[in-house]
Protein chains: 2
Amino acid sequence: MSRCGMIKNARNTPRGPQRREESLSRDRIIEASIALLDSKGEGGLTFRALSERLATGAGAIYWHVENKSDLLTAACDSIIARTMASCVVGATPEATIRTLALGMFDAIDAHPWVGSALTHTAGQLPMVRIVECLGQQVRALGVADKEQWAVVSALLHYILGVAGQNAANTQFARTRSIDRSNFLDAMATVWSQLDPKEYPFARSVAGQLRVHDDCADFLAGIDLILSGIRGLRADRIDLT
Amino acid sequence: MSRCGMIKNARNTPRGPQRREESLSRDRIIEASIALLDSKGEGGLTFRALSERLATGAGAIYWHVENKSDLLTAACDSIIARTMASCVVGATPEATIRTLALGMFDAIDAHPWVGSALTHTAGQLPMVRIVECLGQQVRALGVADKEQWAVVSALLHYILGVAGQNAANTQFARTRSIDRSNFLDAMATVWSQLDPKEYPFARSVAGQLRVHDDCADFLAGIDLILSGIRGLRADRIDLT
DNA sequence: ATTATATTGGAACGACGTTCCATTTATGTC
DNA sequence: GACATAAATGGAACGTCGTTCCAATATAAT
């Protein structure tokens, strides 16, 4: 009766771990899924691979998990929850937002699949966690109530955009069994050979691509938005 | 010999459309793919459905197209190319960036699958087009050479982030055969019922979610970044 | 006409997500 | 301890997908 999305352990049994020690559980499945995704990439999570790793059948997994989408969201949420929990400190709201953004960047660097998973969890738990963390800091920044959602939304979408691209780059490099820097290098080479008439800008930044620091650029973008938020507040004060 | 990515029509035949009128071609395949994606959504693009619509076999399609990823990228590029071509005008660089962003928003609203397709085209043609358009305007804004990539990257990632989320929302709603606004309404309801202790912010903005305008929020984010860029330039002028 | 090449249509393969169900294991009752 | 009920398991089977393969056809070249 405790099927899938139902409440787990509604009537909790008195003592110890019931059932045999090696029994299946939602947590064990999620844990195995994360291990699989980390080691084999986005495409590595299959019910067959999962069955083998857990020494069971596909049907047994479906008893604890709704479907693959549910499983991926749960795995994603597990990473996001940890990440959010580890970034609560910070001197100023701006510093906290930077720390939080950096935490997300590192999390996605360590688990690239989270970047693409986040794209498919619209409005669900992982996203809510991020929105909540960002929102509390935006409030602390003194942004007016009416503008809070737009501001949080800007930060969120920017972070999700970088997350998605980083995930895609890593995944792209993995399928060609080269590493990320080699991929960026190859991309820079292609860009530098574009037609100067049609693509003057792309051609000119190709060199910067080769030596740039993903993380620094990411934080520069966060600072750009934070600076824009400061402008919002300045406008408000000017009017009073 | 003109297989897949090879040069087409290297030795062009003298007169008229060679081969029979209804012959297959890369363009006809891409056109049909777009129609399929628009009408059936992300999952609607299948080599079987494509075969049926084009009255041919799967093997014939593979003669003109490398694989599904190549096909999706080409379809995506077709939309992006049109979008970029239709947004070249504008009074100021800032206005042009806004127009461009708006064009992207509308394009993804009309073809939601483009949002997720863009995530999987890292460094390829569609992305280069967007980078080029943004880059030229950022240059015109007077941003220093060293900072141009970071600024373009921020705008690009923000746009891609919104694109991906909008695509996900539309797709999510489609699979449940409800429309987008009903989905956002349902999401707002869930958020408003969250634990006030744990999710005070998410709970408080739930109401705004119900009545907000996606496009307005998107443009507000663009303005936030543009405002941050203005700040960059101000700093630079202060130093000289 | 005959050969060579470009293109086509569809059968077949292996992998996937998911469903189904017979079987096993635990829990509650007398 | 024996029995009934429910929870949980493992694996076979189904339908769909991307992709490959290849015999058949259409076009071009000689």
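This is a predicted model, so every value here is computed, not measured. Just so it is clear: chains get the letters A, B, ... in the order the sequence lines come, proteins before strands, and each one is counted from 1. Heavy atoms only: backbone and side chains are in, while hydrogens, waters and symmetry mates are out.
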Checklist entry - Has the side chain of B:Lys68 got a donor or acceptor atom that lies under 3.5 Å from a matching backbone atom of B:Thr46? => result no
Next on the checklist: Exactly one of B:Gln124, B:Arg82, B:Arg129 should register a side chain to side chain donor-acceptor pair (under 3.5 Å) with B:Asp77. Which one does?
Outcome noted: B:Arg129
Next on the checklist: How many whole angstroms separate atom CG of B:Leu50 from atom P of C:dG10?
Outcome noted: 14 Å
Item to check | A:Glu52 CD - D:dG11 P separation (whole Å) | outcome: 11 Å
Item to check | Euclidean distance, atom CG of residue A:Leu54 to atom C1' of D:dA8 [Å, nearest integer] | outcome: 14 Å
Checklist outcome for this item: Considering only heavy side-chain atoms of A:Ala58, the closest of C:dT18, D:dT19, C:dT8 is C:dT18
Checklist entry - In whole angstroms, how far is the C1' atom of D:dT20 from the CD1 atom of B:Ile61? => result 14 Å
Checklist entry - C:dT7 P sits how many Å from B:Arg26 CZ, rounded? => result 14 Å
Item to check | B:His64 side-chain proximity, nearest of C:dT19, D:dA7, C:dT8 | outcome: C:dT8
Checklist outcome for this item: note: A:Tyr62, atom OH; C:dC21, atom P; distance rounded to Å ~ 17 Å
Item to check | Short side-chain N/O contact to C:dT7 OP1/OP2 from B:Trp63, under 4.0 Å | outcome: yes
Item to check | Value in whole Å for how far the P atom of C:dC16 lies from CG of A:Leu36 | outcome: 11 Å
Show me the side-chain donor-acceptor pairs of residues 196-203 of chain B shorter than 3.5 Å, one per line, residues at least two apart or across chains.
{"unit_1": "B:Arg203", "atom_1": "NH1", "unit_2": "B:Ser192", "atom_2": "O", "d": "3.0"}

Between the protein and nucleotides 14-17 of chain D, list the N/O to N/O atom pairs that are separated by less than 3.5 angstrom.
{"unit_1": "D:dC17", "atom_1": "N4", "unit_2": "B:Arg48", "atom_2": "NH2", "d": "3.4"}

Checklist entry - Is a side-chain donor-acceptor pair under 3.5 Å present for B:Glu42 with B:Ser116? => result yes
Item to check | Cation-pi, B:Phe172 ring and B:Arg174 (6.0 angstrom, 45 degrees) | outcome: no
Next on the checklist: Categorize B:Ala55 for me: base, sugar-phosphate, or nothing, with a 4.0 angstrom heavy-atom threshold over every strand shown.
Outcome noted: sugar-phosphate
Checklist entry - Once you round it to whole Å, what is the distance between P of D:dG18 and CG of B:Asp70? => result 14 Å
Checklist entry - Without hydrogens or angle criteria, can the side chains of A:Arg210 and A:Thr189 be said to hold a donor-acceptor pair below 3.5 Å? => result yes
Checklist entry - B:Tyr158 and A:Tyr158: aromatic ring centres closer than 6.0 Å? => result no
